[in-house]
S.K.: 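Before anything else, here's the structure in question.
Naming convention: chains lettered A, B, ... in sequence-line order (proteins, then strands); numbering from 1 in each chain. Keep in mind that this is a model prediction, so the values were computed, not measured.
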Amino acid sequence: MKHDYLDKYSSLDSVLHNLDPRTKIVCFFSAVIVIVSEPREETTAFLFYYLILIALLLASHIPVPFFLKRCLIASPFILMAALMLPVSFLLGGKSASGNLNIGVFVFSLSILLKAYAAIILLVLLTSTDRFHRLLKGMRRMHLPNILTMMSALMYRYIFIINDERLKTNRARDSRSPGRFQSGRIKVYGNQTAKIFLRSWKRAQTVYQSMLSRGFKGDFPEFFRLQFKLSDGVFAVIMIVCFGVVRVFI
Amino acid sequence: MPDSFAVEVKNLSFAYGKDPALKNVSLKIRSGERFGIIGPSGAGKSTLLLHLNGILSGDGEVKIDGLPVTKKSLPEIRRKVGLVFQNPDDQLFNPTVEEDVAFGPLNLGLSRKEAGTRVRETLKQMNLEGFEAKASHHLSYGEQKRVALATVLAMQPEVVAFDEPFSNLDPAMVKHLIEIIESLDATVILVSQQILPVMASCHRLAILKDGQVIRVGTPAELAADRGLLKECGLDVGFFCSICKKLDL
Ligand SMILES: Nc1ncnc2c1ncn2[C@@H]1O[C@H](COP(=O)(O)OP(=O)(O)O)[C@@H](O)[C@H]1O
Ligand SMILES: [Mg+2]
């Protein structure tokens with residue numbers, strides 16, 4: 001089975017793709033902190049932040065529709081969070097000053113802008129590098145080994161679980177001609193249980209195969225990451241851009 | 001000259017919880033021999049394999065090249081015995097083919113450079129040059145099988161044990177795999193419920209049923225005992241009659 005929906009576009013050839021994953025992790029997460037900590041009245045600042053983000057997106061060569069689709073996945077949660085505030089004010093009837101004022105909307109808007117900025121940066125990070133290189137970066141940055149190892153295995157198991165899901169889907173559909181309605185929830189429940197049991201069994205076998213190849217709890221490293229001049233240049237540009245907007249605008 | 005044994009199993013018993021899976025199994029496999037273990041599904045074949053490099057440990061004794069399998073000898077044992085699992089998906093968990101092949105050698109303590117050499121040699125041996133940077137979940141089943149074998153061979157084990165190597169393979173791939181197996185410079189153990197390819201490639205076979213070894217012999221000896229094969233659900237007379245009928 002072909003699974004490239006996760007790693008799609010992660011091996012393009014662009015300025016961003018060619019950076020060391022550590023550079024991107026540090027720069028992007030710092031950028032998130034800078035944007036999130038921006039006082040909410042500074043609406044012009046957000047405009048400039050978004051201009052930087054758009055520049056980054058263009059530099060990445062990732063097709064915009066694909067990019068937007070990915071950002072959209074997280075949208076329901078963000079919209080809900082942003083809508084919660086005005087809605088709760090409306091329903092509650094009373095705000096501190098007794099009526100629904102413009103401040104609440106600015107507040108909601110700033111939540112929205114901040115959340116999307118974070119998402120955009122995260123999507124940029126995960127689609128400009130292969131997953132295992134990001135993990136390697138995290139490991140070189142001395143994040144706990146157990147964390148990166150679990151992520152690595154989870155990434156591996158996503159494919160296994162997806163395979164099992166497709167298989168059980170097929171088995172289910174081939175035995176339910178037409179649309180089945182009654183007991184639908186129960187069928188899905190059983191299917192989910194089955195997927196997890198099977199995945200669990202396979203996880204156990206994978207672990208046995210690792211042991212039989214001498215695994216002692218530490219993933220050995222075959223590749224070394226290497227900083228290049230471009231990493232330094234990129235970091236400086238990011239610091240200057242975000243610094244200027246944060247301090248002067 | 002007395003035979004030297006690559007694998008010696010003596011009175012081995014093992015149970016999953018209360019269900020016995022192996023009962024008093026004893027086997028001796030000579031160095032350089034290709035040895036088949038056949039038996040119906042659920043006979044305990046896979047369980048027996050997992051004992052050969054200490055992933056499971058039951059009552060009794062298992063010796064590899066004269067070295068008893070104990071907690072202390074595990075690193076040495078796992079270097080000596082390579083297991084090729086039935087499903088290549090279970091064996092390939094690294095992002096790229098070369099990292100998967102390097103995984104074993106690096107665990108043995110080889111340097112990156114030495115591991116890199118092993119990777120190149122083994123991929124060449126398996127006809128997989130150019131596959132280094134590919135992700136294994138993007139390969140065809142036959143290619144995955146060969147990569148899985150490469151991950152084991154890269155550790156240069158003295159004993160290579162295959163669990164159901166012929167399952168899910170088309171006839172041409174079965175033939176190709178037999179050729180690869182026969183070219184290996186190691187003691188080979190084949191575990192399968194598909195008796196024909198095992199009979200074709202092994203020097204000796206053991207029949208395992210309900211966790212017990214009930215017969216050891218050459219392919220010709222076992223083939224002569226049709227009654228026994230029938231009793232174990234391993235008789236292939238049915239297939240032979242089809243071949244005759246179709247003049248294959
Ligand atoms: N992880 C397990 N837990 C419990 N029982 C198991 C497990 N694996 C195998 N068994 C049982 O042990 C017996 C032997 O299994 P196995 O060695 O896989 O047989 P074979 O490989 O010959 O088909 C079977 O009855 C099987 O149900
Ligand atoms: Mg089995």
Side-chain angles (χ1 to χ4, degrees), chain A residues 1-8 10-11 21 129-139 148-164 166-167 198-226, chain B residues 46 49-50 52-56 74-113 115-116 118-119 132-133 135-141 148 151-155 157 161 163:
Chain A
M1 270 168 229
K2 296 266 177 271
H3 327 256
D4 33 16
Y5 57 97
L6 266 175
D7 265 342
K8 216 173 178 182
S10 60
S11 29
D129 223 320
R130 299 189 70 92
F131 190 73
H132 69 271
R133 292 219 331 146
L134 290 175
L135 284 182
K136 213 161 276 167
M138 280 158 63
R139 253 184 70 185
T148 52
M149 202 171 97
M150 269 169 55
S151 315
L153 288 178
M154 251 166 67
Y155 180 70
R156 179 73 193 83
Y157 289 146
I158 288 174
F159 297 112
I160 291 182
I161 292 174
N162 197 40
D163 273 351
E164 298 293 349
L166 291 176
K167 267 186 241 164
R198 280 205 203 155
S199 306
W200 169 257
K201 225 183 141 198
R202 291 197 52 190
Q204 195 184 2
T205 318
V206 172
Y207 184 61
Q208 287 177 341
S209 92
M210 291 165 68
L211 285 182
S212 84
R213 280 195 276 155
F215 182 65
K216 294 180 212 80
D218 259 330
F219 262 102
E221 261 184 61
F222 188 49
F223 293 117
R224 262 269 156 85
L225 296 171
Q226 202 93 57
Chain B
S46 302
L49 274 197
L50 291 175
L52 296 187
N53 69 357
I55 288 177
L56 296 179
L74 271 190
E76 183 64 10
I77 293 291
R78 289 190 176 152
R79 192 193 65 71
K80 283 175 184 281
V81 182
L83 290 192
V84 184
F85 285 68
Q86 172 171 3
N87 189 341
D89 245 354
D90 293 338
Q91 193 143 5
L92 306 175
F93 44 84
N94 281 286
T96 60
V97 167
E98 60 189 330
E99 282 168 281
D100 244 325
V101 179
F103 180 83
L106 289 173
N107 279 334
L108 292 181
L110 267 66
S111 72
R112 277 196 203 91
K113 203 168 152 224
R118 290 269 182 107
V119 170
E132 286 83 356
S136 45
H137 52 264
H138 287 164
L139 303 182
S140 77
Y141 188 76
T151 64
V152 171
L153 294 184
M155 299 177 75
D163 196 357

S.K.: Could you pull out the closest heavy-atom pair between B/Asp90 and A/Ser209, with the gap in Å?
M.R.: O-OG, 2.9 Å

S.K.: Relative to chain B, which segment of A/Lys136 carries a heavy atom at a distance below 4.5 Å: side chain, backbone, both, or neither?
M.R.: side chain

S.K.: Suppose we screen for side-chain contact (heavy atoms from CB on, under 4.5 Å). Which residues come up paired with A/Leu211, at least two apart in sequence or across chains?
M.R.: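 By the side-chain contact (heavy atoms from CB on, under 4.5 Å) rule, A/Leu211 matches A/Tyr207, B/Ile55, B/Arg78.
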
S.K.: Could you look at B/Asp100 and say if it's the side chain, the backbone, both or neither that has a heavy atom under 4.5 Å from chain A?
M.R.: both

S.K.: State which residue, out of B/Leu108, B/Leu106, B/Leu110, fulfils the side-chain contact (heavy atoms from CB on, under 4.5 Å) condition with A/Pro220.
M.R.: B/Leu106

S.K.: If the condition is salt bridge (Lys or Arg N to Asp or Glu O under 4.0 Å), which residues does B/Arg118 pass it with, not counting sequence neighbours?
M.R.: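 With neighbours one apart ignored, the set is empty.
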
S.K.: Is it the backbone or the side chain of B/Leu74 that comes under 4.5 Å from a heavy atom of chain A, or both, or neither?
M.R.: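 Neither part.
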
S.K.: How far does CG of B/Asn107 sit from CE of A/Met210, to the nearest 0.5 angstrom?
M.R.: 8.5 Å

S.K.: With a 4.5 angstrom heavy-atom cut-off, which part of B/Phe103 approaches chain A: side chain, backbone, both or neither?
M.R.: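 Contact with chain A is through both the backbone and side chain of B/Phe103.
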
S.K.: Contact part of B/Thr96 toward chain A, heavy-atom cut-off under 4.5 Å: side chain, backbone, both or neither?
M.R.: side chain

S.K.: A quick test of your reading: do over 12 heavy atoms of other residues, nucleotides or ligands sit less than 6.0 Å from NZ of A/Lys216?
M.R.: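 Check passes, neighbour count above 12.
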
S.K.: Judged by atom type as modelled, is there a donor-acceptor pair below 3.5 Å linking the side chain of A/Arg213 to the main-chain atoms of B/Met155?
M.R.: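 Judged by distance alone, no pair lies under 3.5 Å.
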
S.K.: For B/Glu98, which atoms come within 4.5 Å of any heavy atom of chain A: side chain, backbone, both, or neither?
M.R.: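 Both parts, backbone and side chain.
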
S.K.: Go through the atoms of B/Ala102 and report whether side chain, backbone, both or neither lie under 4.5 Å from a heavy atom of chain A.
M.R.: side chain

S.K.: Return the minimal non-hydrogen interatomic distance between B/Phe93 and A/Val206, and the atom names on each side.
M.R.: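 The answer is CD2-CG1, 4.0 Å.
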
S.K.: Would you say that A/Phe222 contacts B/Val119 through its side chain, given a criterion of any heavy-atom pair below 4.5 Å between the two side chains?
M.R.: yes

